[in-house]
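Here the structure is laid out as C-alpha cells; the discussion comes afterwards.
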Amino acid sequence: MATSLSRLGRLAFRRRGVMLLLWLLIFGGVGFAASCAPLPPADTFSMPGTESQKAFDLLTKKFPDASADGASARVVVRAPEGQKITDRGQRAEVRRLVAELKASSPRVVGATDPYQTPAVAISKDGTTAYTVVTYKVPAMEVGDKAHDALDAAVEKAGKAGLTVEAGGDAVKLDQTMGGTGEKIGILVSAVVLVLTFGSMIAAGMPLITALIGVGIGISGITALGSTLGLSGTTSTLAMMIGLAVGIDYALFIVSRYRAERVEGRNPEEAAGRAVGTAGSAVVFAGLTVIVALAGLAVVHIPMLTKMGLAAAGTVAVAVLVAITLVPALLGFAPVKVMARRNRLQYAVKPLSARRQRKAAKRAAEPVESARPNLGARWASYVLRHPVAVLLIGVVGLGTVAVPAASLELGLPGEGSMSTKTTQRRAYDMLSESFGPGFNGPLMVTVQANGARAAGDKVGEALRKTDGVASVSPAAANRADDTAILNVVPTTGPTDEKTEELVRELRSTAGDLEPRTASQILVTGQTAMFIDFSQTLDDALLPYLGLVVGLAFLLLMVVFRSLLVPLKAALGFLLSVTAALGAVVAVFQWGWLAEVVGVEQTGPIMSTMPIFMIGVVFGLAMDYEVFLVSRMRESHVHGARPAEAVVDGFRHGGRVVAAAAVIMMSVFSGFIVEDNDFIKMIGFALAIAVLFDAFIVRMALVPALLALLGRSAWWLPKWLDRILPRVDVEGETLDQHPAPTPPSPQARVLIN
C-alpha cells in the first residue's frame, strides 16, 4: 500500500494543476447539483419490527386519511386571570382566532373549533382551550409565508388580552443548525496550525483541503437528500466529522512532508514518501472511521443508518482529498510550507550571496533534533513513573465514568426545548390545564371483525389500568375491521411511569386478545419514542462489542502484536465510558449546565451514545496508529522498548497533540449551537477526544508499554504467518535506493 500511495503522491505533485482542476470541477459540479435539489426531508423515526411501527403501518393502510403526512400546529389559548375562556367576550376572540388561522394560508386544510368539542378541547377549570391547525403539506414544505401568517394570527390574539402559544411541527423552529460552530472550530484550528507549523501556507493547506472535502460531502448529501431521505441534521453531523478528520489528515501529510525535506529529499520525493507513509496511516485511520460509522447499520434503525453512512461518505472524501489534493498543493508551494526562518535552506532557485550567508548561518546553529523536544521529555517522564501515571489516569477516568451508570435514554420533544420558545410554553400550558399526560397520548389499535365493539371492550379494560387518566371511545374505519382508542396517561411523555404504563398496557393487551378475538397494538409518538430508546439501549453493548472487536483485529494486523491492540481497545472503552459519564453529569444531572448552555436537563438523546461510540472509535484509532506506528518503526529497526516509546513521541507527539486540539476545537464549536442534539454530540465528542488523546494515548499507552517491555510486541509465529501484512509505516519504501545524504543546511528539525 505504501508503494502505491507513494506513486500517487508523486503523480499528484507533478500533475498538480490537473489534480487541482479536477477537484475544483468536482466541487463545482456537486455544488450545482445541491443548489438544484429539493429541500431535504424532516427527521423521521421508523423502527422495522417494533410494535409501534407495526401499528403505524396498520394505520397507514386502514386509515389513509388520518395517517396523512401533513403538518399540524396546536394553538393554546388561555383567558386573562380571573376570567373563563367560555365567557362571551373570550369566546368571540377565540373564534376570531380560529377563523384567521383557517384563512392564514392556502396550505391550511382547517382549524378545529374548541367549542364544538368542549369536553376534549377545553380544560375542566374553563380557563384554557386549544385548536389544531392542519396543513396540506409536510412540515418542511409549510414555507415562510405560512409560518409568518400563523405567527401574526397568534400575536394579534395576544394583543386582544389572551395568552396564546403554539406548538407542533408546523410551527417554525427558533433553533438553527450550522454556521457559528464551524466558524469557531475553523478559527481555533487555524491558530493551532500556525503555532504548529510556523508557516501561514502550511497552516492554510489543511484548512483549505478540509473545507473542499466537507463542501463536496455536504453538497452530495444535500443533492441526494430528498432521494435518500437525508435530513438537515444528517448534514450537520457529517460536517462536524468531516471537518475534523479533514484537517487532521492533511495535517499528518504536510507534517511528514516537512520531515522528509529535513532528511534531504527533493520536494517530489518528499511528497511521495509523505503520502506513502503518513498517507498509508490516513487511509487506514479513515477506513476505521468509515467502518465504525457504516457499522451503525447493524442497529436496524433507518435514521441512524443514514446518519452513519452520510458521515462515512464525507470521511471517505476527506481521505481522498488528503492523499491527492494535499500533495498537489505542496507542489505549488514546496518551500513556503517550511518554517519561515528555515526556508533559505530549501530554496529551489539559486540564492543570492546575501541569502547564501543567511543559510550558512542557519546551518551553523545547533541542530534542534539533538535536543529532546516536549514530546520526548514527556515520554521520558512517563517511563520513569509508569505505575503512578497509570494509576492516576485509570482512577481519574474511572471516577468521571461513574455517572454513566445512571444513563437514561430518551428523545427530544417540545418539553425539552428552551422555556423561551413558544413550543415549550404551549407544552407547559397544556400540561398545567389538561394534565401532564395530555402532551403524550398513547394510541391503541384494535384489529378484528366488528372492531368498534371489540374496541369498546378493550377500552373498558384499559380504563382500569393504573396510570391511565382517560380512554376515548373506539373509532372504527368504514370496513369496521380496525378501531382506534386514545389513551391519556397521568404522567408526562418522558416520565419513567409512562414507560411502565406502556409495558403494562401491552401486557394487558396480550391477555385481552383471545377474549376479544382481536389483535391489539399500542403505539403513538410517546410509545414510538420509548421503543426507539429501548432499541438503541439494547443495541448499545452489541455495537460496542463489534467496534472493540474490530479495533483489536485491525490493530493486530497493523502492529503485529496481541497486547498493543488489547490495551488500545481497553483504553478506548475507558475513554468512551468516561465521556458518557461527563455527558450524564452535565446534560442529565445539570452539573455545569449554565457553563455549557444547557437550559433543560433530562434523558440523554437515544442516538447520542451509539453514534459517539462509532466516531470516537475512529478517532482513537487515528491517534493510536499515528503515535504507536512510529514506536514500532523504531523497535523494528533495533531500538529498545523504552527508546522506541521516546522516539515515537519525539516524532509524533506534537502532531497528535495538535490534531487532538483541532478535533476538540471543531467539536467544541458546536456546543454554542441552539439545536439540543448538536450541542450534546459536540460536547460528547470534544470531551471524548480530550480523554482519549491526552490521557489514554499520551499517558496510559506509554506507561503500559514501559511496563510490558518487549512482550508488548509479541505475536505467535503461527499467527504472524496467517495475518495479512499492511505496510502502514512504509517499510517497503526503505527498500528503494536512499537519497543523497542531507547537507548540513538541511539538518534543522522542522517537525
Side-chain angles (χ1 to χ4, degrees), residues 2 252 255-256 259-260 262-263 273 276-278 280-281 284-285 368-390 393 552 554-571 620-657 659-660 693-717 719-720 723 725-735 749 751:
F252 290 128
S255 178
R256 189 58 184 253
E260 295 297 334
V262 167
E263 294 295 328
R273 290 187 65 88
T277 52
S280 297
F284 175 79
E368 294 181 25
S369 58
R371 303 194 304 268
N373 58 19
L374 180 61
R377 292 196 297 271
W378 167 250
S380 299
Y381 174 82
V382 174
L383 292 175
R384 291 195 302 270
H385 309 89
V387 176
V389 171
L390 189 63
F552 182 84
L554 290 176
L555 293 181
M556 186 169 59
V557 170
V558 172
F559 296 127
R560 324 299 295 180
S561 166
L562 287 177
L563 295 180
V564 169
L566 178 61
K567 58 89 182 164
L570 293 177
M621 295 308 102
D622 285 356
Y623 307 137
E624 185 75 14
V625 170
F626 286 111
L627 194 59
V628 180
S629 61
R630 295 303 292 257
M631 299 180 190
R632 181 176 183 271
E633 185 176 349
S634 297
H635 176 72
V636 169
H637 287 84
R640 291 178 297 175
E643 293 174 345
V645 171
V646 173
D647 194 55
F649 270 85
R650 178 184 294 111
H651 290 95
R654 184 181 183 186
V655 177
V656 170
F694 291 102
I695 299 180
V696 174
R697 309 302 156 188
M698 292 285 192
L700 301 187
V701 166
L704 280 171
L705 290 177
L707 295 175
L708 292 173
R710 294 187 181 276
S711 60
W713 307 104
W714 174 77
L715 184 70
K717 293 183 179 180
L719 187 58
D720 183 62
L723 286 178
R725 294 190 175 274
V726 181
D727 184 19
V728 174
E729 295 113 352
E731 294 177 11
T732 56
L733 297 179
D734 294 331
Q735 299 173 5
L749 182 63
N751 193 6

V564 side chain near M631 side chain, heavy-atom distance below 4.5 Å
no
For A568, the side-chain contact (heavy atoms from CB on, under 4.5 Å) test, sequence neighbours excluded, returns L555, E624, R697
Sequence-distant partners of A660, side-chain contact (heavy atoms from CB on, under 4.5 Å), two or more places apart:
Y623, V689, A693, F694
Nearest 0.5 Å, please: how far is CG in L723 from CE in M556?
5.0 Å
Quick one, L383 and L705 - any side-chain contact, counting heavy atoms below 4.5 Å?
no
Those residues that, when tested against S634, pass side chain to side chain donor-acceptor pair (under 3.5 Å) (two or more places apart)
D647
Hits for side chain to side chain donor-acceptor pair (under 3.5 Å) against R640, two or more places apart or cross-chain, chain-then-number order -> E643
For F252, all residues meeting ring pair (Phe, Tyr, Trp, His ring centres under 6.0 Å), sequence neighbours excluded
F626
Distance in Å, R650 CZ paired with S380 OG, rounded so as to fall on 0.5 Å steps:
8.0 Å
Main-chain N/O of D720 paired to R560 side chain as donor or acceptor, under 3.5 Å:
yes
Can you tell me if W378 uses its side chain to pair, donor with acceptor, with the backbone of M698 under 3.5 Å?
yes
Can you find a pair of side-chain heavy atoms, one from L562 and one from L719, that are under 4.5 Å apart?
yes
Is the closest side-chain heavy-atom distance between W714 and R710 below 4.5 Å?
no
How many angstroms lie between CZ in R377 and CZ in F649, if you round to the nearest 0.5 Å?
13.5 Å
What residues form a side-chain contact (heavy atoms from CB on, under 4.5 Å) with L390, not counting sequence neighbours?
V394, L700, A703, L704, L707
Between A376 and V646 the two heavy atoms that sit nearest each other are CB-CG1, 3.9 Å
Mind listing the closest non-hydrogen atom pair of A281 and V625 along with its distance?
CB-CG1, 3.7 Å
Using side-chain heavy atoms (C-beta onward) and a distance below 4.5 Å, is K567 in contact with V701?
yes
Where is the tightest heavy-atom contact between S255 and V655, given as atom of each residue plus distance?
OG-CG2, 3.2 Å
